[in-house]
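See structure below.
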Amino acid sequence: MKFIDEYRQQDVAKHIAKKIAAAVNPERSYHIMEFCGGHTHAIFRYGVQDLMPANVQYIHGPGCPVCVLPMGRIDMAIQLMKTEDVILCTYADMMRVPASGQESLLKLKAAGGDVRMVYSTQDALNIARNNPQRQVVFFAIGFETTTPPTAVAIKQAQAQNIENFSVFCNHVLTPAAMTGLLESPEVAQGDQVQIDGFLGPSHVSSIIGSKPYEFVPQTYGKPVVIAGFEPLDVMQATLMVINQINQNRAEVENEYSRVVTPEGNRKACALVDEVMTLRDSFEWRGLGFIANSALKIRPEFSQFDAEQRFACLRDSAYVIASDHKACECPSILRGVKKPTDCSLFGKACTPENPMGSCMVSSEGACAAYWSYGRFRDTHSTEVNCA
Amino acid sequence: MKFIDEYRQQDVAKHIAKKIAAAVNPERSYHIMEFCGGHTHAIFRYGVQDLMPANVQYIHGPGCPVCVLPMGRIDMAIQLMKTEDVILCTYADMMRVPASGQESLLKLKAAGGDVRMVYSTQDALNIARNNPQRQVVFFAIGFETTTPPTAVAIKQAQAQNIENFSVFCNHVLTPAAMTGLLESPEVAQGDQVQIDGFLGPSHVSSIIGSKPYEFVPQTYGKPVVIAGFEPLDVMQATLMVINQINQNRAEVENEYSRVVTPEGNRKACALVDEVMTLRDSFEWRGLGFIANSALKIRPEFSQFDAEQRFACLRDSAYVIASDHKACECPSILRGVKKPTDCSLFGKACTPENPMGSCMVSSEGACAAYWSYGRFRDTHSTEVNCA
Amino acid sequence: MCLAIPAEVISIDRDTDNASVAVGEVKKTVSLALVEDVNPGDFVLIHVGYALEKLDPEEAEKTLAIFAEMDAEMAPETTTVEGDRA
Amino acid sequence: MCLAIPAEVISIDRDTDNASVAVGEVKKTVSLALVEDVNPGDFVLIHVGYALEKLDPEEAEKTLAIFAEMDAEMAPETTTVEGDRA
Amino acid sequence: MTAANRFPGKLNLRTGKVDMSHGSGGRASAQLIEQLFVKHLDNPLLAQGNDGTVFPSPGEQLVMSTDSHVISPLFFPGGNIGSLAVHGTVNDLAMSGARPLYLSAGFILEEGFPLADLNTIVASMAQAATAAGVQIITGDTKVVEKGKGDGVFINTAGVGVVDSRRQISGERAQAGDVVIVSGSMGDHGVAIMSSRENLEFETTIESDSAALNGLIADMLATEADIHCLRDPTRGGLATTLNELAQQSGVGIKLKEQAIPIKPAVHAACELLGLDPLYVANEGKLICICPAKQAQQLLAVMRQHPLGSDAAIIGEVIEDPHHFVQMETAFGGNRIVDWLAGEQLPRIC
Amino acid sequence: MTAANRFPGKLNLRTGKVDMSHGSGGRASAQLIEQLFVKHLDNPLLAQGNDGTVFPSPGEQLVMSTDSHVISPLFFPGGNIGSLAVHGTVNDLAMSGARPLYLSAGFILEEGFPLADLNTIVASMAQAATAAGVQIITGDTKVVEKGKGDGVFINTAGVGVVDSRRQISGERAQAGDVVIVSGSMGDHGVAIMSSRENLEFETTIESDSAALNGLIADMLATEADIHCLRDPTRGGLATTLNELAQQSGVGIKLKEQAIPIKPAVHAACELLGLDPLYVANEGKLICICPAKQAQQLLAVMRQHPLGSDAAIIGEVIEDPHHFVQMETAFGGNRIVDWLAGEQLPRIC
Ligand code: SF4
Ligand code: SF4
Ligand SMILES: [Mg+2]
Ligand SMILES: [Mg+2]
Ligand SMILES: [Mg+2]
Ligand SMILES: [Mg+2]
Ligand SMILES: [Mg+2]
Ligand SMILES: [Mg+2]
Ligand SMILES: [Mg+2]
Ligand SMILES: [Mg+2]
Ligand SMILES: [Mg+2]
Ligand SMILES: [Mg+2]
């Protein structure tokens, strides 16, 4: 497959690995945060870590929309299902995310709730068209990658007058997450977690471009290399971060130039801007409330805003929910802890029975570590196979 | 079981059989129409015919509410299901009755229509209470026996403000049917069908009493004996009819005096009268349109009248539907033909696959004859087992 | 369709106007909305979940007596009343 | 969640603004609502049923060339580009 | 390796519910099998843990049978779908005169079904299997989305061994034979109807669901040349007799008064307008044998707890129409036809 | 007595639909069985028409297996639920090294299901059974109300005969063995997903659903001491290998590049974000045998049409953790874990 297979070649990987081995300064360590879950997944699935020198360490970042959505928002969706006769449409990833009181959308569905997994916002619109007597709510989550398709659906619902369709908007912004992360005490003070540079988002950047990350080198002095999600992209971008570090540079570089431009996709951005606007503040799992970090639907489209349509989704109904006491997701999402630092990892918490969001999506650090990487760790494997 | 077992005793049956044998005049025949399907059923299920002299013949009457409901009314209910998102509740007997175009409520249900079999109007009310967002329509059919429970439900719906409940009223009146029958050309002229006397309705009479039948002897000169549905009741009443015939009497006698009084159940009648009123005219299968032969819901309760609520149930939407060309139900319901006179009987038409309403209810003449009595008839049995 | 059977009233709930009735060994709840002056021990005719009418035990006796009556021309025969199933 | 893959545009339905795209031997219909100036033969990045952006073949070539680039201190080695599955 | 460390955590049998992952074939499926199914059904053959289970052939002549169970409600007076699923196939095997030995069990679970209920059901299966002397040696579990199933459906298939000299078959009834039933008719169906939500009547009747292989073993130990055995399940006595009449090309003449029916079953049928001859049974059998051996057989049957009410209810006659006819208790005659339409849905 | 005169009228296989009476056990049930099921599946054993079917024991050592099939959609490129239901159990029997012989079939039909579709499905079953050399000798049909099923579910259980000296079992894998697959992985699952209403992609991939007993017969005819056979169905190759590793108490080390996967399957998985190692198969097998016999076995497998793409994909190693590990095509290492959650629902 063109534009895929080329970026997974073993011989090229070995070649880049050699270059990295040659580039690193054996006297120091390199702590590189891969921002996205897509990177995390690629690193584990392809075994990229095995090709890295020992002093190059990946730190798993918060770039998994499923992982960062706070429980309070899922609680709201569940509350909606319990109080109103709606069809809730959502992407499959959301089904297993734990909500308060051991609930989840999957359990709600098993108990008879009408939750439908969709592959596209177009599916949700079709469900609304086919069920004119039911309220159909699209539970929208995701970063800038996934936001434009939501905006398109809202515009279509307006144009075609699909009155029973609305969107519960939970779209969030990656640059704001980076700020939140860099401002978090452990990172800002550098005593608990050291980040020497970032692999920047790939598909998010295809929409917003690479420019929005320039504040990272400028304000925080850390290099960012926009990196594709194929394993060679990850390796090459890693090399580029290492080179910046070695050369004491801090700038935004773009390894993923076959898709990402500095400005991004203007049409998509304009569409999002037409339909949505900034929220004053939004809670992120692990990062707390971050100003201007999420989107809501503009008043012009309030007809399709589920938060306007259903009282239980109003801001005033929002209740901050506490994660499972022992779950370390918040720290893991800030790069402060590793999955194996969590006492529940591989015991109470596995992908079959996730206690935290990082164990749900295959892009979550805990899930990736458990499913692909736990042979590296005696501690965790012994739990499984005493 | 008290009041049941006493009326099914073999030794008493033999005793009454002897009295009948002794009573009949061997020079003549006695053609007695059992008005009700309940009688028909008892005659076949218990083998009453076997205990009768050869010159006493039962003629099966139109007293089966399922059998006399014209197809046009079922077509309306099906149309309702197809155009509105309603839950249709009905007694089980209605499910298999053929409608136009090979349809039936059973087929509609199998195709996904929300048809619910109920045992009582109380079940229909409960379904309405439990599905406040759905329209629940009770497809009410039946003679005077079944009408008062419908009236009670409508009164309750009003008292408890169950707004999503309504009734599609198809209740019909037995005395009117008797008139229709006696006025039909074949009976009135007596050349095609001879009726020497009637076994009169039992449970209908428990509500309306025995008085309403007095016009039959008075106007038409034919004896009527109100008869219970137990086999001994049928035999004793048969004897009483024979005695009237032999004595050239024609009056209303009451064999079923343990339940039926001349006046009937005044409370029930008053309730029906409060909620319902006469229709000008109503179609009966086999008897055509008969004036003042059915009930509709009074304007005071129009809120619960499905004919008012749904356009497709209005009188103006009624279309007379033609029965299957070869089906002899109309003639059978007038006593003009016997099931075995129908060319479809036991071939295309069986209880599994009824072509006419008389093959549906176990009280229908065709069904009773097929299921219990066909060993008596070489013609029909050869069809089954060549 | 007009199936209806006699049942004995076991107890009455005056609030709901329902009665618990027994047909042999089987019990069922029915509405008393259509009948008046019903008391435990009475028999009622039940149909589609409603009591339609009370049964009159004396009339029932009379009917049974008529069943058993001898015609002038007939020889006497056993006519004791009993259930057909033990 | 941000899974997106490159696909070749096979044909475009301008009425619905949808395209039939191919990922290897598999075809799928996606919306072109988010992209402009797309033509058959172009590659687009597809995500949740939408084309997100066009791919730039020249930039792709450049990146592959960089992957293959020799560092000063390294010996030459095979770097031909080919699929990993025949 | 024990269950405790093979799976992190334990199946929540108190408040847990079946979800789609339990049917995925993945670790959740394996956990369900180990911590629920195998827990109850454990035996050395099942423990092989392979796709198929190997066992030594029990004899020269074998019998195989299957039944899916889709009963509603799942729990009823006298049993539940689990015990029923064992009895259903054990009995069908036994009706060939076989000794039932091995069962398979296939579960189709609806998403959201409480694990606690499933646990109860599988425990009942285990109990019923032990009581009947059979082993469940292989199984399968599938999960369907909510609204695509009805709690749980259970298929059982079974294998038994039969004496090669035996010839028990529905085609062997002949004029001169008599028809015996092992006990009262309709108990199972009435017990189930009594627990239906929208029927709701009170009765002391319990399902007769039971394994009949013990009773049949006693019957086979007599000299009698049993021609036919069949359990009158769906469609009841009436339909099963019609099947046999059809298969053997004979007529059957019943005496209504001879058919054992419990007063409460009779009453329930009056109440619902049903004919007890069409109501399902699951722990009763019909036996057809030469008239001259009937009394001996009857005596043996009555010695067994499941045959104490056994009775001769009619005789096989010649009839080119293969009718089942009945002399009514009232003194008349009628046909007892096949069940038309449905009596009441889903009783087995 | 022929069908034509036993039942008035004929089953309407053109526009008819399943209704509750077809599951009542009454005449409508009998008609469905005779005019649809027996029409296609007819064989002398099935024709016994009794509750259980009697057959001579085929040998000393027997195998039994069962699977319920709840696939959605019912019809897919390369087959339908009928052929699948035959292959599913034939293959599970064959995985013990057995010769599959007899199947039972249990149908759970949803009210309203088109008889024309049922007819097609049963015809496919008959064809698949004939092709696999097995007979369907006993069956059962139940009908559930609309909304309590999903068109049709089919359970099959089967009996086969195995050479007493054979020992093929999931617990026999040992270090030094190699892992062979008979062909490309994931075809069945991808074919099914491609016909799902809400996934809808176009591919030329057809289900690999097939009976493997012929291929296995050829394998058994070699000298090789086959330790394990298993078909990687639900949960795919990954999950099945984990089962085997667990059961034998070993580790398995795979080479990603050696695993045959068709380009179109690979592409479809990329599109859907799936891992082909977790996608279901129904006409493929995993064989574990000593390394020194592998080439011989492979050569024989490749002679058979169903084994032409057979390949050695890895080896059995000692590992106290019983991990299945894989050297990725990229050059790294990773675990290949059990399937967690569900891949995609209802593929078998
Ligand atoms: S292992 Fe589970 S509980 Fe622990 S941090 Fe990860 S998701 Fe949270
Ligand atoms: S046999 Fe059927 S078609 Fe003929 S009259 Fe009776 S109901 Fe009508
Ligand atoms: Mg069976
Ligand atoms: Mg059975
Ligand atoms: Mg049976
Ligand atoms: Mg299985
Ligand atoms: Mg359900
Ligand atoms: Mg199996
Ligand atoms: Mg299988
Ligand atoms: Mg298998
Ligand atoms: Mg069966
Ligand atoms: Mg369905």
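All heavy atoms count here, side chains included; hydrogens, waters and symmetry mates do not. Protein chains get the first letters and strands the later ones, always in sequence-line order, with residue 1 at the start of each.
Atoms NE2 and NE2, on B/H203 and C/H47 in that order, are 9.0 Å from each other to the nearest 0.5 Å. Between atom CE of residue B/M240 and atom CD1 of residue C/I66 there is a gap of 6.5 Å, rounded to the nearest 0.5 Å.
Taking B/V260, B/L271, B/L232 one by one and counting their heavy-atom pairs under 4.5 Å with chain C, the maximum is reached by B/L232. Chain B forms the most heavy-atom pairs under 4.5 Å with one residue out of C/P57, C/A4, C/A7, C/A22, and that residue is C/A4. Chosen from C/G49, C/A33, C/G24, C/S31, the residue pairing most often with chain B at heavy-atom distances under 4.5 Å is C/A33. Between chain C and the options B/V152, B/T121, B/D233, B/V118, the largest number of non-hydrogen pairs under 4.5 Å is found for B/V152. The most heavy-atom pairs under 4.5 Å with chain C, out of B/Q236, B/Q156, B/E255, B/M1, come from B/Q236. The most heavy-atom pairs under 4.5 Å with chain C, out of B/R258, B/H41, B/E230, come from B/R258.
The environment of B/Q247 atom CD is dense: over 12 non-hydrogen atoms of other residues, nucleotides or ligands sit within 6.0 angstrom. Taking a 6.0 Å sphere around CZ of B/R129, one finds it holds more than 12 heavy atoms contributed by other residues, nucleotides or ligands.
C/V35 touches chain B through backbone and side chain together, each having a heavy atom under 4.5 Å away. Only the backbone of C/K54 comes within less than 4.5 Å of a heavy atom of chain B; no side-chain atom from C-beta onward does. In this structure, chain C has no heavy atom under 4.5 Å from any part of B/K155.
Between B/S120 and C/Y50, the shortest heavy-atom distance links the atoms OG-CE1, 3.7 Å. Across all non-hydrogen atoms, the minimal contact from B/E6 to C/L64 is CB-CD2, 3.8 Å. Taking all atoms of both residues into account, the shortest heavy-atom contact from B/N265 to C/E53 is CB-OE2, 3.6 Å. Closest of all the heavy-atom pairs between C/E69 and B/H15 is O-NE2, 2.9 Å.
You'll find the side chain of C/L45 stays beyond 4.5 Å of the side chain of B/F3, heavy atoms only. Within the 4.5 Å cutoff, the side chain of C/L34 has heavy atoms near those of the B/P149 side chain. Counting heavy atoms from C-beta outward, C/L52 and B/T145 have side chains that approach closer than 4.5 Å. Residues B/K19 and C/F67 form no side-chain contact, since every pair of their non-hydrogen atoms from C-beta on lies 4.5 Å or further apart.
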(request) Applying side-chain hydrogen bond (donor to acceptor under 3.5 Å, both in side chains), run through B/Y7 and C/T63 and close with a yes or a no. (result) CA-CA 10 Å; B/Y7 301 90; C/T63 303; 5.3 Å; no

